[in-house]
Amino acid sequence: MRGILLDVEIAEEEEHPVVRLVLKDGSRKVMVLDHAFSHYFYALGEDPEKLSELISGVEAEYRERKVRPKAVEAVRRTIRGKEVRAVRIFLSHPRDMQPLRRAVRELPGVNSLYEFDIPPNRSYILDRGLVPMEGVNVRVEEDGEGAPVMRASSPPVRSGGEVGELRIMSFDIEVYNPGGSPRVDRDPVIMISLSDNAGYRKVLTWKRHEGSPEYVECLGSEREMIERFVEIVRERDPDILLGYNTDMFDFPYLRDRAKMLKVRLSLGIDGSDVTFRRHRFASAARIRGRIHVDVFSMVDFMATIGSIRLIHYTLEDVYRHFTGKEKPDFEFTEMPGAWEEGGEPWMRFIEYSMSDAEATLEVGRILLPLFIELSRVVRQTLFDVSRMTPGQLVEWLLISEARSRGELVPPRPAGEEFEERLEETYAGAYVMEPVKGLHENLVVYDFRSLYPSIIVTHNIDPSTLNCECCRGRGTRVPGLGYWFCVEREGFIPATLKKLIRERAKLKEELKHHPRESVEYRSLNARQTAYKIIANSAYGMLGYSRARWYSKECAESVTSFGRHYIQTTIDMSRAMGFDVVYGDTDSLFCKLNGKTKDDALRFLKKVNESLPGIIELELEGFYPRGVFITKKRYAMIDEAGRMVVKGLEFVRRDWAAIAKKTQEEVLRAILRDGSPERAAEVIKRVTRDIVEGRVELEDLVIYTQLKMPIESYRSVGPHVVAAKRLRALGYTVEPGMMIAYVVVRGPGSISERSYPLEMMEKREPDPDYYISNQVLPAVMRIMEVLGYREDDLRFTRERQTGIERFMG
DNA sequence: AAATGACGGGG
DNA sequence: GTGTACGTCATTT
């Protein structure tokens, strides 16, 4: 049979490890078991023959069981391109890795171990030469009529080909949240919405209110609703299940509720339960036979690589960014009331829930093609790739490349080595101190993929660094004593060069397809995937946890980078452009009365002077921008879109009044070009605060209680508020969201913070809200426009005649 | 000045 | 994969 490879995992059959491949064959989805699989690692030492023999006899203990190698062989491999002889040690079971690895390390004559830290399913994909999200051919023993599980009778092989139509479904849950944030032991799931790419729309709930839309299905209880959710997912049988922050919220919440209600979350195609890979800071929910993709993690990735830049990454904001459309909003504080009382709020609640699932599906369908290509390029599953950082993507591409060259994969650093790396520092990119203030008519240039271009152009790699063969004639790094080989191409530059070449070919091919065609979209996604991975290579070189970390290479890259940007800044000044700001690989110039044509002529001139594949590009024209400090600025483009960088410090532990004011201020400056209007906004707000005309809800600060009250060594405002809440008789426990207000009076901020529940007879402290909330949120911006705090602060004493008149 | 604790997405 | 993000900010100590 032939099918698209959706997933690969390690399973067990009668104590024996087996690989389970999930294949989609037309409309049928099957699981194929490959028993011909053996996990392994390598040992290096003085005398490989002797070592092989020694290792063959090694015995370790694991849970009171004796563990021995399944097989041992002496092999030839390379390390940094140099041939080495190694001992390859096969395991009977992947779980034998830790005990055997420890035992082998203790043996005399063993110098180092390799590839003990490559997960077995990932290793399998590479060794079989398979490509996830592409075709696989495999001969199977049919286990009966249409059985979903089959046994491979010969090894699966890559067959290429396109992914056919995949069924994609999204879902979202709504939770009862009377205490602000939901408490999983008490607060039920009250709605589950679903949407799929075949047009299915559904909101499940378990309370009947008047006049619900036709897509609502009302169940008898939370338990029945969850059962129905599971039933629908299995019936509609999506290949990809999407959600927004489902790794961290929906699935963990559903899991806990399902456990309490004694209902199984059996979403797998074989009826298996959702499983969780848990970290302290992250988790991932896995469903057998379907790819659970958390759209938030894809969005977060796009934000990390700078491909999208929003102030917030809520579903609402992200949906607006990607589709240009608005979705209905619904305040989470309205939810309990809507649930209990129905009416108009209930209708809006349902529409909101439905729109969450639909928006997730829409955004997911926009992003998936890119992540499917990333999955193919680095040859790892979509489940894993959609959760990787850019550095991990590069690393997995290199691991794949290393495996096919017989190069041993360096281990992830641990212990001392890692600690030492953390200590190592080196000079980074050049960042110019901006010409602070508001500027008009800007042109922005940047070097196309500067760092990968440098790595390729100058052959930067751990194996080509300070090589013997090029002493005195290799490529010198500006300002550093290093050189790089001009004879042999390094492993990393070679890998990047392939990516860059392939990408150039794809971009050429793109020209022959209309922008809206399927071919264009798929080729475009692929070229973007190449670009993303190439651009992440430098970050990996300098990341202390990376396998191919090299401080010398990383600092050589930044040194070349500084050289090119500085040279370009000098050239632009010589041409009469005012450089307002420059960072790493981009420069921001004022047109200064020159035309867009002049800007293009400058570009041409610079490019004539650059070596290899290094190239400057025109990023765009911006009518207005406000520059604050290094890394902090905001601009508006010709289409009226705001680009905000480094100012995203307004968070939920800030009062709403601070968030609202900051947004209004940026709009006034960039859209209207009027700092004066921005100043008026601030004066109006501070005055409203002083005169008590701001709604209490705009002054509330929400901070989560992360520990039991007693565990706090440092008693912050939310802890004091929580204590006061407890004294009132409320149960206060970790995870609770504390809503508090800072009131007038003597003492520290903490001493003056009261829970919202105690605010009836108390007065908020205007000074705190002005000095610690509103002004910090806007001052950084206003400062560079020549305003001082006192110009913007409304106080009765300082009120000037004109203000009294205006007021 | 150093230490501590919280932010993100979700409801 | 058995790991403990990550860089930044406010407030307390």
Side-chain angles (χ1 to χ4, degrees), chain A residues 10 39 94-95 97-98 115-123 172-184 187-191 243-254 277-284 294-300 303-304 310-318 330-336 338-339 349 352-353 356 360 380 384 387-389 391-392 396 411-412 414 543 545 631-632 646-654 701-707 711-720 737-738 742 748-751 753 768 772-773 776-777 780:
Chain A
I10 303 297
H39 200 39
R95 68 170 166 239
M97 182 64 86
Q98 292 315 319
E115 305 203 4
F116 50 83
D117 57 358
I118 314 250
N121 62 330
R122 295 190 181 189
S123 177
D172 180 48
I173 69 170
E174 310 299 334
V175 174
Y176 189 60
N177 57 349
S181 61
R183 302 149 301 180
V184 74
D187 297 327
V189 178
I190 54 181
M191 276 183 209
Y244 201 77
N245 206 24
T246 31
D247 269 344
M248 297 296 274
F249 183 75
D250 301 58
F251 269 127
Y253 206 93
L254 272 176
R277 189 183 76 193
R278 274 164 71 87
H279 311 243
R280 189 195 278 183
F281 52 89
S283 83
D294 186 337
V295 175
F296 173 66
S297 80
M298 296 197 288
V299 166
D300 193 40
T304 309
L310 312 181
I311 297 174
H312 296 289
Y313 295 91
T314 60
L315 180 56
E316 183 189 353
D317 290 340
V318 165
F330 194 71
E331 290 290 319
F332 70 80
T333 47
E334 287 188 85
M335 287 172 185
W339 169 251
F349 192 11
Y352 163 81
S353 180
D356 269 2
T360 302
Q380 292 301 332
D384 285 336
R387 291 170 176 78
M388 281 183 190
T389 62
Q392 286 172 307
W396 281 98
R412 299 187 67 194
Y543 176 52
R545 286 195 190 284
K631 310 276 184 194
R632 290 187 210 280
L647 291 165
E648 303 90 337
F649 62 97
V650 170
R651 316 176 303 188
R652 81 157 172 231
D653 55 348
W654 285 66
I701 298 163
Y702 294 90
T703 307
Q704 200 178 25
L705 196 68
K706 291 275 199 187
M707 307 182 273
S711 309
Y712 280 89
R713 278 177 290 186
S714 166
V715 184
H718 71 300
V719 182
V720 172
M737 191 63 69
I738 307 296
V742 176
S748 68
I749 293 167
S750 290
E751 287 169 277
S753 78
Y768 173 82
N772 296 45
Q773 294 284 326
R780 271 193 240 168

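No hydrogens, no waters, no symmetry mates; every other heavy atom, side chains included, goes into these values. So you know, we letter chains A, B, ... as the sequences are listed, proteins then strands, and number each from 1.
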With a 4.0 Å cut-off on heavy atoms, is [X] in touch with a base, just the backbone sugar-phosphate, or nothing at all?
| X | result |
| --- | --- |
| E316(A) | nothing |
| F116(A) | nothing |
| R545(A) | sugar-phosphate |
| Y244(A) | sugar-phosphate |
| D356(A) | sugar-phosphate |
| D172(A) | sugar-phosphate |
| Y543(A) | sugar-phosphate |
| I173(A) | sugar-phosphate |

Q | Partner of Y352(A) by side-chain contact (heavy atoms from CB on, under 4.5 Å), out of E331(A), E316(A), E174(A) | A |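 One option only clears the test, and that one is E174(A).
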(Q) Could you tell me how far dG8(B) sits from dA5(C) if I compare only their C1' atoms? Round to whole Å. (A)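 It comes out at 11 Å once rounded to the nearest Å.
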(Q) Please report the distance separating the P of dG9(B) from the corresponding atom of dC9(C), rounded so that it comes out in whole Å. (A)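 Taking atom P in both dG9(B) and dC9(C), they lie 16 Å apart.
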Length of the [atom1]-[atom2] vector between [X] and [N], whole Å:
| X | N | atom1 | atom2 | value |
| --- | --- | --- | --- | --- |
| D294(A) | dG9(B) | CG | C1' | 8 Å |
| D653(A) | dC7(B) | CG | P | 6 Å |
| F296(A) | dC7(B) | CZ | P | 14 Å |
| D384(A) | dG3(C) | CG | C1' | 15 Å |
| I10(A) | dT2(C) | CD1 | P | 13 Å |
| Y253(A) | dG10(B) | OH | C1' | 11 Å |
| D300(A) | dG10(B) | CG | P | 12 Å |
| W654(A) | dC9(C) | CH2 | P | 10 Å |

Q) Do D317(A) and Y313(A) get their side chains close enough for a donor-acceptor pair, meaning under 3.5 Å? A)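 No, Y313(A) and D317(A) have no side-chain donor paired with an acceptor closer than 3.5 Å.
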I want to check something: taking the side chain as every heavy atom from C-beta on, are [X] and [Y] in contact at a cut-off of under 4.5 Å?
| X | Y | value |
| --- | --- | --- |
| P776(A) | W654(A) | yes |
| E751(A) | I749(A) | no |
| T360(A) | L315(A) | yes |
| M335(A) | F330(A) | yes |
| I10(A) | P94(A) | yes |

Q) Nearest of dG5(B), dG10(B), dT2(C) to any side-chain atom of Y712(A)? A)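 Within the option list, the nearest is dG5(B).
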Q | T703(A) side chain, from C-beta outward: closest of dG1(C), dA6(B), dG10(B) | A |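 From the listed options, dA6(B) comes nearest.
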Presence of [X] side-chain N/O under 4.0 Å of [N] phosphate oxygens OP1/OP2:
| X | N | value |
| --- | --- | --- |
| Y702(A) | dG8(B) | no |
| H718(A) | dA6(B) | yes |
| R632(A) | dT8(C) | no |
| K631(A) | dT8(C) | no |

Show each protein N/O and nucleotides 11-13 of chain C N/O combination with a separation under 3.5 Å, one pair to a line.
residue	atom	partner	partner atom	Å
dT11(C)	OP1	Y768(A)	OH	2.9
dT11(C)	OP2	N772(A)	ND2	3.2
dT12(C)	OP1	S750(A)	N	2.8
dT12(C)	OP1	S750(A)	OG	2.5
dT13(C)	OP1	V715(A)	N	3.3

Q | side chain to side chain contact (heavy atoms under 4.5 Å, CB included) against S297(A), all qualifying residues, sequence neighbours excluded | A |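 Partners of S297(A) under the side chain to side chain contact (heavy atoms under 4.5 Å, CB included) test: D294(A), R387(A).
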Q: Flag the pair H39(A) / F116(A) as yes when their ring centroid distance falls below 6.0 Å, and as no otherwise.
A: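 Judged by ring-centre distance (under 6.0 Å), H39(A) and F116(A) do not meet the cut-off.
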Q.
Can you tell me whether the side chain of R277(A) and the base of dG1(C) have a donor-acceptor pair closer than 3.5 Å?
A.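 No such pair is found, so the answer is no.
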